[in-house]
Amino acid sequence: MTMQPTVVTGAPLPGRGRHRGRLGRVRWWNYLLLGVATFACLFPLYWMFIVASTDSATATRMPPEIVPGGNFFQLAGLVFDTVPFLQSILNSLFVATTIGVGHAVLCALAGFAFAKLRFRGSNVLFLIVVLTMTVPTQLAVIPQYMIISWLGWVDTLQALVVPGLASAFGIFWMRQHITATVSDELMQAARIDGASTWQIFWRIAFPIVRPAAFVLGLFGFVSAWNDFLWPFIVLKSPERYTAQIAIKALQNERTVDLGLAMSGSFLATLPLLVLFVVVGRRMVAGILDGAFKG
């Protein structure tokens, strides 16, 4: 009598189920750490709303208030009556959107040139671009203002847009990403088919790195929206104020109405919150897009 071999189907390899269980199990302290981190991130925004819905005394009251008041809409109306806040929000939206799109396209274009095009001095130029990241931005304020004044752009929105259309960090980001994701063989195949350099960038390289360019544009948008120093130096007319300068205009020279200032700050933060709610998943996907490429 012949013995038939016994075959066990679906049996996990030794140790595999144990490791999978460890990876799939979430400890209670993971939720605790996530809860503490979430609270630390959201509490300043919640405290801002508490002060914006009560009065200035709430910021220094002991014990502190933990429940919002009912004066938010009254203070918000006072913000719009004190400064042209709606126009300032629109100005910030225009400047930040233009800078975000410029970061996504121009930095990708420069990064593509440094990553895939061979020309004399490319390594030296890229080294100079990287070295500019070590220079504090405050050192460039005076020469940048002199150039803007020479062009006649003082107290104009293009004085905010043009200097921020590209950045050294954005060029470095896109150069590294294009080097890792766009293969030379793909470019050679496109050239054999008769594609020009611009067509290779716009139809092949840019669609591949579009998630990273989107994240870079989002970073540029947020940076331009929160910028205070350069707009404060360049802008003079209230109708051209950005949101951050309008919040500064809510404060008197000697006293600061914290309730009014917090109301303006909360109103200026709302567009960013809406933006992150809408594009949050896409932003995370863009950040992680190149994390698993090897």
Side-chain angles (χ1 to χ4, degrees), residues 44-45 48-49 51-52 72 75-107 136-170 214-253 256-279 283:
L45 182 64
M48 183 191 304
F49 181 73
V51 178
F72 175 74
L75 290 174
L78 186 59
V79 169
F80 287 96
D81 293 337
T82 305
V83 294
F85 199 77
L86 180 59
Q87 183 62 42
S88 301
I89 292 291
L90 294 178
N91 291 340
S92 289
L93 186 62
F94 169 76
V95 172
T97 302
T98 308
I99 290 178
V101 174
H103 262 69
V105 177
L106 296 181
C107 291
T137 56
Q138 292 79 4
L139 294 181
V141 168
I142 295 178
Q144 189 168 291
Y145 184 85
M146 294 175 63
I147 296 174
I148 293 299
S149 178
W150 179 73
L151 293 173
W153 289 355
V154 176
D155 198 23
T156 60
L157 294 182
Q158 58 259 37
L160 307 181
V161 172
V162 174
L165 286 177
S167 65
F169 171 76
F214 176 81
V215 174
L216 180 63
L218 186 61
F219 286 164
F221 181 95
V222 175
S223 178
W225 184 277
N226 293 327
D227 190 18
F228 173 80
L229 178 61
W230 181 241
F232 182 72
I233 294 174
V234 174
L235 300 179
K236 311 297 180 183
S237 304
E239 62 272 12
R240 294 185 178 89
Y241 283 171
T242 58
Q244 309 306 323
I245 308 304
I247 295 173
K248 175 64 174 65
L250 294 173
Q251 306 174 14
N252 297 325
E253 295 182 0
V256 177
D257 189 343
L258 291 179
L260 191 64
M262 289 297 182
S263 298
S265 300
F266 186 81
L267 291 173
T269 308
L270 285 180
L272 293 182
L273 294 178
V274 174
L275 177 66
F276 280 109
V277 169
V278 173
V279 303
M283 180 186 68

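Bear in mind the structure is a predicted one, so any value in this text is a computation, not a measurement.
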Legend entry - Heavy-atom side-chain contact between Leu275 and Leu218 under 4.5 Å: yes
Inset, instruction - First locate atom CG of Leu93, then atom OG1 of Thr242, and finally report the distance between them rounded to the nearest 0.5 Å. - result: 12.0 Å
Inset, instruction - Look only at the side chain of Arg240 and the backbone of Leu235, and say whether a donor-acceptor pair between them is shorter than 3.5 Å. - result: no
Legend entry - Spacing of CG belonging to Leu260 relative to CG belonging to Leu250, to within rounding of 0.5 Å: 4.5 Å
Inset, instruction - Sort and list the pairs that fulfil side-chain hydrogen bond (donor to acceptor under 3.5 Å, both in side chains) and have at least one residue in residues 87-97, not counting sequence neighbours. - result: Gln87-Asn91
Inset, instruction - Grab the two heavy atoms, one from Val234 and one from Thr156, that are nearest each other, plus how far apart they are. - result: CG1-O, 4.4 Å
Legend entry - Flag side-chain contact, heavy atom, 4.5 Å: Val101 against Phe221: no
Legend entry - Least distance between heavy atoms, Gly170 atom then Ser167 atom: N-OG, 3.1 Å
Legend entry - Which atom of Ser263 lies closest to which atom of Ala52, heavy atoms considered: OG-O, 3.3 Å
Inset, instruction - Scan for ring-ring contact (aromatic ring centres under 6.0 Å, His included) pairs involving residues 85-104, sequence neighbours excluded, and state none if there are none. - result: Phe80-Phe85
Inset, instruction - Please state whether the rings of Trp230 and Tyr145 are parallel, tilted or perpendicular, taking 30° and 60° as the class boundaries. - result: perpendicular
Legend entry - Pairwise side-chain contact, Ile247 with Tyr241, heavy-atom cut-off 4.5 Å (strictly under): no
Legend entry - Residue pair Cys107 / Leu216: nearest heavy atoms and the distance that separates them: CB-CD2, 3.7 Å
Legend entry - Residue pair Thr98 / Leu165, side-chain heavy-atom distance below 4.5 Å: yes
Legend entry - Any side-chain heavy-atom pair of Gln244 and Pro231 under 4.5 Å: no
Inset, instruction - To the nearest 0.5 Å, tell me how far Leu75 CG sits from Leu258 CG. - result: 11.5 Å
Legend entry - Shortest non-hydrogen separation from Val83 to Ala249 and the atoms involved: CG1-CB, 3.7 Å
Inset, instruction - Might you point out which heavy atoms bring Ile99 and Gly164 nearest each other, and give the distance in Å? - result: CG2-O, 3.1 Å
Inset, instruction - Flag yes if more than 12 heavy atoms outside Phe228 fall under 6.0 Å of its CZ atom; otherwise flag no. - result: yes
Legend entry - Steps toward side chain to side chain contact (heavy atoms under 4.5 Å, CB included) verdict (Leu229, Thr137): CA-CA 10 Å; Leu229 178 61; Thr137 56; 6.0 Å; no
Inset, instruction - Ignoring hydrogens and angles, tell me if any N or O in the side chain of Trp225 forms a donor-acceptor pair with the backbone of Ala268 under 3.5 Å. - result: yes
Inset, instruction - Would you please indicate if the ring centroids of Phe169 and Phe219 are separated by under 6.0 Å? - result: no
Legend entry - Neighbour count above 12 (heavy atom, 6.0 Å) for Leu270 CG: yes
Inset, instruction - Any chance you could measure Leu267, atom CG, to Met48, atom CE, to the nearest 0.5 Å? - result: 10.5 Å
Inset, instruction - Please assess Leu272 against Asn226 for the test side chain to side chain contact (heavy atoms under 4.5 Å, CB included), listing each intermediate value before the final yes or no. - result: CA-CA 10 Å; Leu272 293 182; Asn226 293 327; 3.7 Å; yes
